[in-house]
Student: 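Before I ask anything, let me first share the structure, which is written out below as structure tokens.
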Amino acid sequence: MNKENLAQRTDRELGMGRDIPRRDFLNGAAMTIGAALLPPGLRSNETKSDEPQNHAGYNPPVSTGLRGSHTGSFEIAHSLRDGTFWKNAAGTEQLAEKYDLIIVGGGISGLAAAHFYRERAGRSAKILILENHDDFGGHAKRNEFHLGGKLQLLNGGTMLIDSPTPYSAEAAGLMKKLGIDAVALDKKCSDPGFYRSLGLGAGVFFDRETFGADRLVSGLAAGEEESPSDAATSSTLKEFLSKTPLSEAARRDIFRIEQGKVDYLPGLTSAEKKDRLSGVSYKEFLLKIAKVDPAVIAFYQTRTNGEWGVGIDAEPALDCWALGLPGFQGLQLEPGAAPHMSYSAAGYANGGSARFHFPDGNASVARLLVRSLIPPAVPGDSVEDVVTAPVHYDRLDADTSTIRIRLNSTVVRARNVEGTNAAPEVEITYASGTQVFSLRAGACVLACWNMTIPYLCPDLPEKQKEALHYLVKVPLVYASVGLRNWTSFQKLGVSNINVPGAYWNSVSLNWPVNIGDYHSPRSPEEPILLHMSRTPCKPGLPAREQHKAGRMELLVTPFELFERKIRDQLSRMLAAGGFDAARDIEAITVNRWPHGYGYEYNPLYDPEWPEGQAPHILGRKPFGRIAIANSDSGATAYTDVAMDQAYRAVYELTLPFNG
């Protein structure tokens, strides 16, 4: 097939009509995943026996197709936002259940809140966790495949244990109680040199729409596509650049900023340079200070997408220095954070935490939390066996358990009320299918997306609601693609591919991790999972506006478009290695997160608020017996922050236990 025909592959050639798993049903059970799609009257009694999670074969991680914020998980919340929910809702059924604490949100923060509350209130404390998705874990979702008869896992959301700052005593203590020692696990279970031992490294795919030609250029050692800076890589970089479709001027300037040690801000002290760099985007730094050819920008544009959800047009140059992007080697900046840096950049400049990637990302952390809270639901007794342990979803909401997790349940109202004994209580109302239920508890932790809280709790002060609305989420998409084999990657000499201009920004073979009974593929002839990511940002707009525009894009993008983009891009990148999308793709799961990362303040666009007046601090103030958690309340998107915010929220509610 010549290049012209290659650019116009038909749906048939891409395998769009092939019968790969696109499951809307779980393990063949005739049961719709979305709570909003449940048939009327499904929850007509309080035995919970008809909850979807109690049906035989219920196992959301094996679902393929469109996941993440899946169909059925957000429609009720959107109708509440749009003011139509209560107009169309049927009557509310008052449940006789009574709890000490109700937690809204079954992500890491909500699960951690249950743990911390039980520690302070005692093991007899009755806790109910309500979750709008069909699985617990929040963004820490698990994609589970069975390829060639072998279990293979990939993260559908939160990727790994990692933070720009060391874990707090509370978060570190919780991880220790769960049995997680990231340093020891990484040393024992990770195999970072595996692909390199097979001669595979990093590549860059230049797409014709951005660079004028489709071309995959390999030959860099893993990671060198970001910052090859020593003399030993000079010839490698020159050879790499010579193969690209970039102009001679662009190649020259990329080599200069990657390898050179020019001081582009002479005459200034390190502190003065950092101050200057904090006020310009990395794009502006490259164009106006390093004075690169404009064609260079496209090569670096998406380097920050995975960290902050926007490209280099909307990220400060100083933050990009902390991330290790090139051009700063000759500035002789002193180590460490400086004023006007984002949370992540400041943290990474000072060090950061230990790192470890479970095969399913931090879904294993969520599983360990559930095992601690409801042992019968996740059998086993070690951090290593949790990866392959089955989850008994029908035991999550058992009447006999003091802690219960109720999935497919979207909270629509949270309010403070006076109890029958004059003690303050909260009333929580949630919807499941067409049914609306109400119940009471002694307290509530809203461990959900902060931007939804003003709709759930309209009695909040206006200033607090305004602050909560400010914390817009960062949209993103993670796709997990099951491949028949990975011989095309072997032939092309790549294990991960940076894609500066195309739809999917990065493509990489699954992490080589062996833990417990779980083992990663070792031979290119074996099936494997491929991770692809996309950040739907809109360069040129302020960061928060880019996030809003990206969210709207994701909400209207059907699975079929995601699938076609996957098949087309892989075909264009890997055809020279013998890849055939129609033959080689076995399964696809697209994890769509219109509300993805927690928002991290951007020094280019967000003001420096007075002490204690930042939106995340104003927004998380307790309101009667209602406290607020989630990583949003820490103005960032890390697992340890989600735990810290859970601890703070529980502490606010349990001050009486301190005496």
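Please read these numbers as outputs of a predicted model, since none were measured by experiment.
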Student: Taking C-beta and beyond as the side chain, do Glu119 and Leu174 meet within less than 4.5 Å on heavy atoms?
Tutor: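 Not touching, per the 4.5 Å side-chain cut-off.
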
Student: What residue pairs, at least two apart or across chains, pass side-chain hydrogen bond (donor to acceptor under 3.5 Å, both in side chains) with a residue in residues 443-454?
Tutor: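 Only Asn450-Ser633 qualify under side-chain hydrogen bond (donor to acceptor under 3.5 Å, both in side chains).
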
Student: If every non-hydrogen atom of Lys473 is compared with every non-hydrogen atom of His595, which pair is closest and at what distance?
Tutor: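 Looking at all heavy atoms of both residues, the closest pair is CB-CA, 3.6 Å.
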
Student: Quick one: CG on Asp275 to CG on Leu318, what's the gap to the nearest 0.5 Å?
Tutor: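 Result: 9.0 Å between the selected atoms.
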
Student: For the atom pair CZ (Arg367) and CG (Leu111), what is the distance rounded to the nearest 0.5 Å?
Tutor: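 One finds 12.5 Å between CZ of Arg367 and CG of Leu111.
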
Student: Using the side-chain hydrogen bond (donor to acceptor under 3.5 Å, both in side chains) rule, take Asp313 and Ser281 through it: C-alpha gap first, then chi angles, then the decisive distance, then the call.
Tutor: CA-CA 6 Å; Asp313 62 296; Ser281 70; over 6 Å; no

Student: Looking at the rings of Trp321 and Tyr282, which for Trp means the six-membered one, are their centres under 6.0 Å apart?
Tutor: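 That pair fails the under 6.0 Å test.
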
Student: Would you check if the side chain of Arg142 reaches a backbone N or O of Gly137 as a donor-acceptor pair within less than 3.5 Å?
Tutor: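 Flag not set: sc Arg142 to bb Gly137 has no pair under 3.5 Å.
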
Student: Identify, with sequence neighbours excluded, every residue that meets side chain to side chain contact (heavy atoms under 4.5 Å, CB included) alongside Pro335.
Tutor: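 If we apply the side chain to side chain contact (heavy atoms under 4.5 Å, CB included) test to Pro335, skipping adjacent residues, there are no hits.
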
Student: Please check if atom CD in Glu466 has more than 12 non-hydrogen atoms from other residues, nucleotides or ligands closer than 6.0 Å.
Tutor: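 Atom CD in Glu466 is not packed in, count stays at 12 or less.
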
Student: My understanding is that only one of Tyr601, Trp609, Tyr599 makes a ring-ring contact (aromatic ring centres under 6.0 Å, His included) with His616; could you say which?
Tutor: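 For His616, the ring-ring contact (aromatic ring centres under 6.0 Å, His included) test succeeds with only one of Tyr601, Trp609, Tyr599, which is Tyr601.
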
Student: Once you round to the nearest 0.5 Å, how far does CG of Leu653 lie from CG of Asp100?
Tutor: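 Interatomic distance, Leu653 CG to Asp100 CG, rounded to 0.5 Å: 11.5 Å.
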
Student: Assess whether side-chain hydrogen bond (donor to acceptor under 3.5 Å, both in side chains) is satisfied between Ser109 and Gln645, documenting all intermediate values.
Tutor: CA-CA 7 Å; Ser109 197; Gln645 295 306 311; over 6 Å; no

Student: Taking atom types as modelled and ignoring hydrogens, do the side chains of Asn143 and Asn591 form a donor-acceptor contact shorter than 3.5 angstrom?
Tutor: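 A pair is found: one side chain offers a donor N or O, the other an acceptor, under 3.5 Å apart.
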
Student: Under the rule for ring-ring contact (aromatic ring centres under 6.0 Å, His included), what residues qualify as partners of Tyr518, not counting sequence neighbours?
Tutor: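 Testing Tyr518 for ring-ring contact (aromatic ring centres under 6.0 Å, His included), a comparison that skips the adjacent residues, returns none.
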
Student: Going by heavy atoms in the side chains, are Val383 and Phe358 under 4.5 Å from each other?
Tutor: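 Contact flag for Val383/Phe358 side chains = yes.
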
Student: For the residue pair Ser533 / Ser506, report whether a side-chain donor-acceptor contact shorter than 3.5 Å exists.
Tutor: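 Yes.
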
Student: Identify the residue among Arg625, Arg440, Arg415 that makes a salt bridge (Lys or Arg N to Asp or Glu O under 4.0 Å) with Glu425.
Tutor: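 Result: among Arg625, Arg440, Arg415, Arg440 is the only option passing the salt bridge (Lys or Arg N to Asp or Glu O under 4.0 Å) with Glu425.
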
Student: Are any side-chain N or O atoms of Ser168 and backbone N or O atoms of Ala171, one a donor and one an acceptor, separated by less than 3.5 Å?
Tutor: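 Pair found, side chain donor or acceptor close to backbone of Ala171.
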
Student: Evaluate side-chain hydrogen bond (donor to acceptor under 3.5 Å, both in side chains) for Ser73 paired with Asn132, printing each intermediate quantity in order.
Tutor: CA-CA 6 Å; Ser73 66; Asn132 61 306; 4.8 Å; no

Student: Strictly by modelled atom types, are Tyr430 and Arg406 linked by a side-chain donor-acceptor pair under 3.5 Å?
Tutor: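 Side chains of Tyr430 and Arg406: pair found under 3.5 Å.
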
Student: Once ring-ring contact (aromatic ring centres under 6.0 Å, His included) is applied, do any residues pair with Tyr597, and if so which ones, sequence neighbours excluded?
Tutor: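 Counting only residues at least two positions away or on another chain, Tyr597 forms no ring-ring contact (aromatic ring centres under 6.0 Å, His included).
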
Student: Can you name the ring-ring contact (aromatic ring centres under 6.0 Å, His included) partners of His531, sequence neighbours left out?
Tutor: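 Partners of His531 under the ring-ring contact (aromatic ring centres under 6.0 Å, His included) test: Tyr478.
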
Student: Of all residues at least two apart in sequence or in a different chain, which pass the salt bridge (Lys or Arg N to Asp or Glu O under 4.0 Å) check with Lys188?
Tutor: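 Lys188 satisfies salt bridge (Lys or Arg N to Asp or Glu O under 4.0 Å) with Glu384 only.
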
Student: Would you say the ring centroid of His469 lies under 6.0 angstrom from that of Tyr455?
Tutor: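 Under 6.0 Å, so yes.
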
Student: When rounded to the nearest 0.5 angstrom, what distance separates CD in Glu611 from CD1 in Ile617?
Tutor: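 Nearest 0.5 Å value for the CD-CD1 distance: 7.0 Å.
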
Student: Using the test side chain to side chain contact (heavy atoms under 4.5 Å, CB included), find all partners of Asp186 that sit at least two apart in sequence or belong to another chain.
Tutor: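 Per chain and number, Asp186 pairs via side chain to side chain contact (heavy atoms under 4.5 Å, CB included) with Ser190, Phe356.
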
Student: If you apply the rule side-chain hydrogen bond (donor to acceptor under 3.5 Å, both in side chains), what do you find for Arg120 with Thr654, and how did you get there?
Tutor: CA-CA 7 Å; Arg120 295 177 70 81; Thr654 56; 2.6 Å; yes

Student: Using the side chain to side chain contact (heavy atoms under 4.5 Å, CB included) criterion, which residues pair with Asp381? Sequence neighbours excluded.
Tutor: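 Per chain and number, Asp381 pairs via side chain to side chain contact (heavy atoms under 4.5 Å, CB included) with Asp385.
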
Student: With heavy-atom distances below 4.5 Å as the criterion, would you say the side chains of Asn602 and Pro316 are in contact?
Tutor: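 The answer is yes, as the side chains (C-beta and beyond) meet within the 4.5 Å cut-off.
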
Student: State whether the side chain of Arg534 and the backbone N or O of Val477 hold a donor-acceptor pair below 3.5 Å, judged by distance alone.
Tutor: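 Here the side-chain-to-backbone pair does not exist.
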
Student: As a test of understanding, state which of Asp319, Thr636, Thr165 forms a side chain to side chain donor-acceptor pair (under 3.5 Å) with Tyr343.
Tutor: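 Per the side chain to side chain donor-acceptor pair (under 3.5 Å) rule, the option paired with Tyr343 is Thr165, out of Asp319, Thr636, Thr165.
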
Student: Please check if the side chain of Glu600 supplies one atom and the backbone of Ser344 the other of a donor-acceptor pair under 3.5 Å.
Tutor: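 Judged by distance alone, yes, a pair lies under 3.5 Å.
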
Student: Please name all residues satisfying side chain to side chain contact (heavy atoms under 4.5 Å, CB included) with Ala113, sequence neighbours left out, ordered by chain then number.
Tutor: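 With sequence neighbours excluded, Ala113 shows a side chain to side chain contact (heavy atoms under 4.5 Å, CB included) to Ile103, Val445, Ala646, Val650, given in chain and number order.
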
Student: Between Arg355 and Ile161, is any pair of side-chain heavy atoms under 4.5 Å apart?
Tutor: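 Side chain of Arg355 against side chain of Ile161, heavy atoms only: no contact under 4.5 Å found.
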
Student: Side chain of Lys141, backbone of Ala363: donor and acceptor closer than 3.5 Å?
Tutor: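 Absent.
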
Student: Does atom CD of Glu272 have more than 12 heavy-atom neighbours from other groups under 6.0 Å away?
Tutor: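 For Glu272, atom CD is crowded (more than 12 foreign heavy atoms under 6.0 Å).
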
Student: With a 4.0 Å cut-off, would you call Asp632 and Arg620 a salt bridge?
Tutor: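 The answer is no: the pair does not qualify as a salt bridge.
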
Student: Among residues at least two apart in sequence or on other chains, which ones pass ring-ring contact (aromatic ring centres under 6.0 Å, His included) with Tyr348?
Tutor: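 Residues passing ring-ring contact (aromatic ring centres under 6.0 Å, His included) with Tyr348: none at all.
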
Student: Decide if the gap between the ring center of Phe285 and the ring center of Phe328 is smaller than 6.0 angstrom.
Tutor: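 Close enough - the centres of the two rings lie under 6.0 Å apart.
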
Student: Are Tyr99 and Glu97 close enough that a side-chain donor and a side-chain acceptor fall under 3.5 Å?
Tutor: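 The answer is yes; a qualifying pair exists.
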
Student: Which atom pairs, one a donor and one an acceptor, fall under 3.5 Å between side chains of residues 508-517 and the rest of the protein, sequence neighbours left out?
Tutor:
| from | atom 1 | to | atom 2 | distance (Å) |
| --- | --- | --- | --- | --- |
| Asn510 | ND2 | Leu153 | O | 2.8 |
| Asn514 | OD1 | Ser520 | N | 2.8 |

Student: To the nearest 0.5 Å, what is the distance between CD (Glu315) and CG (Asn305)?
Tutor: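 It is 9.5 Å, given to the nearest 0.5 Å.
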
Student: Just so I know, are the side chains of Arg118 and Leu373 near enough to count as touching, which here means a heavy-atom distance under 4.5 Å?
Tutor: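 A side-chain contact under 4.5 Å exists here.
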
Student: Does Asp397 reach the side chain of Gln53, with side-chain heavy atoms less than 4.5 Å apart?
Tutor: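 A side-chain contact exists here, since the closest heavy-atom pair is under 4.5 Å.
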
Student: Would you mind listing every ring-ring contact (aromatic ring centres under 6.0 Å, His included) that reaches into residues 158-192, with sequence neighbours excluded?
Tutor: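 Every pair satisfying ring-ring contact (aromatic ring centres under 6.0 Å, His included) with a residue in residues 158-192: there are none.
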
Student: Mark yes or no for whether Ser270, through its side chain, and Glu334, through its backbone, hold a donor-acceptor pair below 3.5 Å.
Tutor: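 Yes.
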
Student: Indicate yes or no for a side-chain donor-acceptor contact from Ser353 to the backbone of Ser163 under 3.5 Å, with no hydrogens or angles considered.
Tutor: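 Such a contact is found between Ser353 side chain and Ser163 backbone.
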
Student: Would you compute the distance between atom CG of Leu101 and atom CG of Leu128 and round it to the nearest 0.5 angstrom?
Tutor: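 It comes to 9.0 Å.
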
Student: Should His70 and Asp134 count as side-chain neighbours, where that means a heavy-atom distance under 4.5 Å?
Tutor: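 They are in contact (side-chain heavy atoms under 4.5 Å apart), so the answer is yes.
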
Student: With heavy-atom distances below 4.5 Å as the criterion, would you say the side chains of Arg544 and Tyr470 are in contact?
Tutor: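 Yes - at least one pair of side-chain heavy atoms lies under 4.5 Å apart.
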
